[in-house]
**Q** 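Sharing a structure here in structure tokens format.
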Amino acid sequence: MADLSALRSMNRLYYVLLALGGLVVLGGAYAVHMMEHHGHIISGMNNQIVWGMPHVFAIFLIVAASGVLNVASIGSVFGKAIYKARAPLASLLSIAMLSGGLAVLMLDLGRPDRIIVAATNYNLTSVFAWNVVLYSGMFSLVIVYLWTMMERRMNPFNKAAGLAVFVWRFVLTTGTGLIFAFLTARQAYGSALLPPMFIVLSFAWGLAVFHVVQAAIYAWNEKALDPAILQRKKNLLGVFVVGSLYMVATYHFTNMYFAHQQSFELFILRDGGIYPNLFWWGYVVLGNLVPLLLIYMPGLGKSKCVMAAALLVVLGAFALLYVFIIGGQAFPLDIFPGYEVSSSFADGQIAGYKPSIYEFLLGFGGLAIAFLITTVSVRVLNFMPQDKPYISD
Amino acid sequence: MSDINTQRRQFLKTSAGAAAIAIAPGMMLYQTAHGDTAAASSSVRWGMLIDTAQCKEGCNDCVNACNKENGLSGKTGVTDSQWIRKIEIKAVGSGHAVSLPMMCQHCEHPPCVDVCPTQASFKRADGIVLVDRHLCIGCRYCMMACPYKARSFVHETLEDQNPDVPRGKGTVEACSLCVHRIDKGQIPACAEACQNKAILFGDLNDANSEIYKKVRSVASVQIRADLRLNPGVRYQGL
Ligand code: SF4
Ligand code: SF4
């Protein structure tokens, strides 16, 4: 009897979670409706900060969606069994986050109703247009890949599909980096380092998300992750975190090296108020150093610590993207190098930005879409990693 | 409003192939081809030469004329459109101060056109860079890409529009070089309004034009020439 009531309360919890997720999606839909009706005037975005909070959410989701597939790739491309067992879940998360991220990106458009124009009037030179292809291609590829895993008859194609996904996601994250790398006139962007930086960031962010979801699923099923597996995954997370910190540091160092970028770097790293604070405290300390401590400190590194580390990595990701996207636009564009400038259009001034509630609603709506897709799929299909007794490979 | 839209679309459709409505002051054929690259002549390159020595600090005549011509509110809040703005610049070393108007520079190699996913941003054969507001999805990528901050995003519903210059909420817009006036054989509103004759408008390719001669006889620069976009707007006295 006790078992049955436990099952019932789990069931109830599941529906509560669904309802909560649905509510957040509704909140996002409300924000979209309001922005459609009133225009972006009700957002915090303006003619200086043209990409705001929605882009922070969207780019996080898209980058993490690519990175989470790393787990699958290590399994199917490099043949590691414990990762292979996790490939279906990783693929599901990828699809879920890609859906959430794209929804946010699309619904933030000034004219989301015209999205079809992006397909009918394709501009070959636009990185944005390339990305439309990359995103939809990734979507289909991952679905095929999932199919090769879940349907026995399709198993023989699994390796090929895995390889295709592996290659595609590198191209995809490169494409995301290129969106910014091509903005040569802006001090914050226009760096060839951005695509590789985004790739390494995607590894860390994707794995962190994977950890959180996996831990939740194990807890839900009242199972414990094999300590040996936990050990390996947390080490991998540690390596990715160090790697991404290295890439971000390199990006800032190279910027410092170019004289015309120096004032921008001082702004982002020292003088820019919220931006240096978010960068140092949010990204470097909370998003990197504390997770590394949690992972590697002797005596720490247990499953709760790893969970906390993963959550902090995600938090750090948002801090970094905020600094990168918003801070990068807030710093005045250098139209007249060597001159002090002023105008009615914020020339020479740090641009102000206060995200509005609608932007957050939209962003969280995207997260909730990813959450709902994951929760429902995990419930109706079997995404629980099936580990054989652990053998080192 | 939507009435104007459909009319306009209809008009574009019919004009796309054949229409060459010639209005010919000065013996020149201008075609009404607002959204139609093909109809503008590629032998023409419209441009401006701005003499900063003539431009006065505090004078806003060009800006006001642009606002009136194009139906802009003239407000300068963070979400209001500004197609042209006055910038005061002061050299850091010498303190040499200059006042000048800044608007879309009508680049020969416009980054806004490169990045636009839908071909809404486009360059006419005569060098004028425009946004087709029926194609613009409002992604704002062009605003990120423009080195001159020439573009504005329409943040709210508009009223009292000039039927010659349709604008729309959720789309991006910028100085069109008063293409509707040019196509009627007139010069841009800002150039006409400037009492100090600081803005010289004309065809950079026409050896008989004043701008052609002046560009070759006085020192002028393009802003951020290092980016190699070859803007059609040049500045004198910088
Ligand atoms: S000035 Fe800006 S908006 Fe105008 S053509 Fe050049 S890049 Fe495009
Ligand atoms: S905002 Fe409009 S014109 Fe600008 S890049 Fe996007 S679709 Fe093109």
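Treat the numbers as computed from the prediction; the structure is a model and nothing was measured. Chain A is the first sequence line, chain B the second, and so forth, proteins listed ahead of strands; every chain is numbered from 1.
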**Q** Tell me, for Leu178(A) versus chain B, whether the close heavy atoms (under 4.5 Å) come from the side chain, the backbone, both or neither.
**A** backbone
**Q** Could you tell me which of Cys146(B), Ala97(B), Ser99(B), Cys116(B) has the largest number of non-hydrogen atom pairs under 4.5 Å with chain A?
**A** Cys116(B)
**Q** With a 4.5 angstrom heavy-atom cut-off, which part of Phe345(A) approaches chain B: side chain, backbone, both or neither?
**A** both
**Q** Spell out, as yes or no, whether a donor-acceptor pair under 3.5 Å connects the side chain of Lys169(B) to the backbone of Glu36(A).
**A** yes
**Q** Checking an interface table here. Which of residues 347-367 of chain A come within a heavy-atom distance under 4.5 Å of chain B?
**A** Asp347(A)
**Q** Between Met45(A) and Arg140(B), which heavy-atom pair has the shortest distance, and what is it?
**A** SD-NH2, 3.2 Å
**Q** Keeping the roles fixed (side chain from Trp51(A), backbone from Met144(B)), state whether a donor-acceptor pair exists under 3.5 Å.
**A** no
**Q** Might you point out which heavy atoms bring Ile137(B) and Leu109(A) nearest each other, and give the distance in Å?
**A** O-CB, 3.3 Å
**Q** Identify the residues of residues 225-233 of chain B whose heavy atoms come closer than 4.5 Å to a heavy atom of chain A, ordered by number, or report 'none'.
**A** Leu227(B)
**Q** Does any N or O in the side chain of Asn123(A) come within less than 3.5 Å of the main-chain N or O of Ser121(B), such that one atom is a donor and the other an acceptor?
**A** no
**Q** Is chain B contacted by the side chain of Asp108(A), its backbone, both, or neither, given a heavy-atom distance below 4.5 Å?
**A** both
**Q** For Phe153(B) and Gly110(A), work out which heavy atoms get closest and say how close.
**A** CZ-CA, 3.7 Å
**Q** For a side-chain contact (heavy atoms from CB on, under 4.5 Å) with Ser344(A), tell me which candidate from Gln82(B), Lys86(B), Lys75(B) qualifies.
**A** Gln82(B)
**Q** Hey, are Glu88(B) and Ser343(A) close enough side-chain-wise for a donor-acceptor pair under 3.5 Å?
**A** no
**Q** Testing the basics here: between His96(B) and Tyr339(A), what is the closest heavy-atom pair and its distance to 0.1 Å?
**A** O-CE2, 4.4 Å
**Q** Measure Leu135(B) against the heavy atoms of chain A and call it side chain, backbone, both or neither at under 4.5 Å.
**A** both
**Q** Check Tyr141(B) against Ile179(A) and note the closest heavy-atom contact, atom names and distance.
**A** OH-O, 2.6 Å
**Q** For Arg111(A) and Cys136(B), indicate whether the former's side chain and the latter's backbone hold a donor-acceptor pair under 3.5 Å.
**A** no
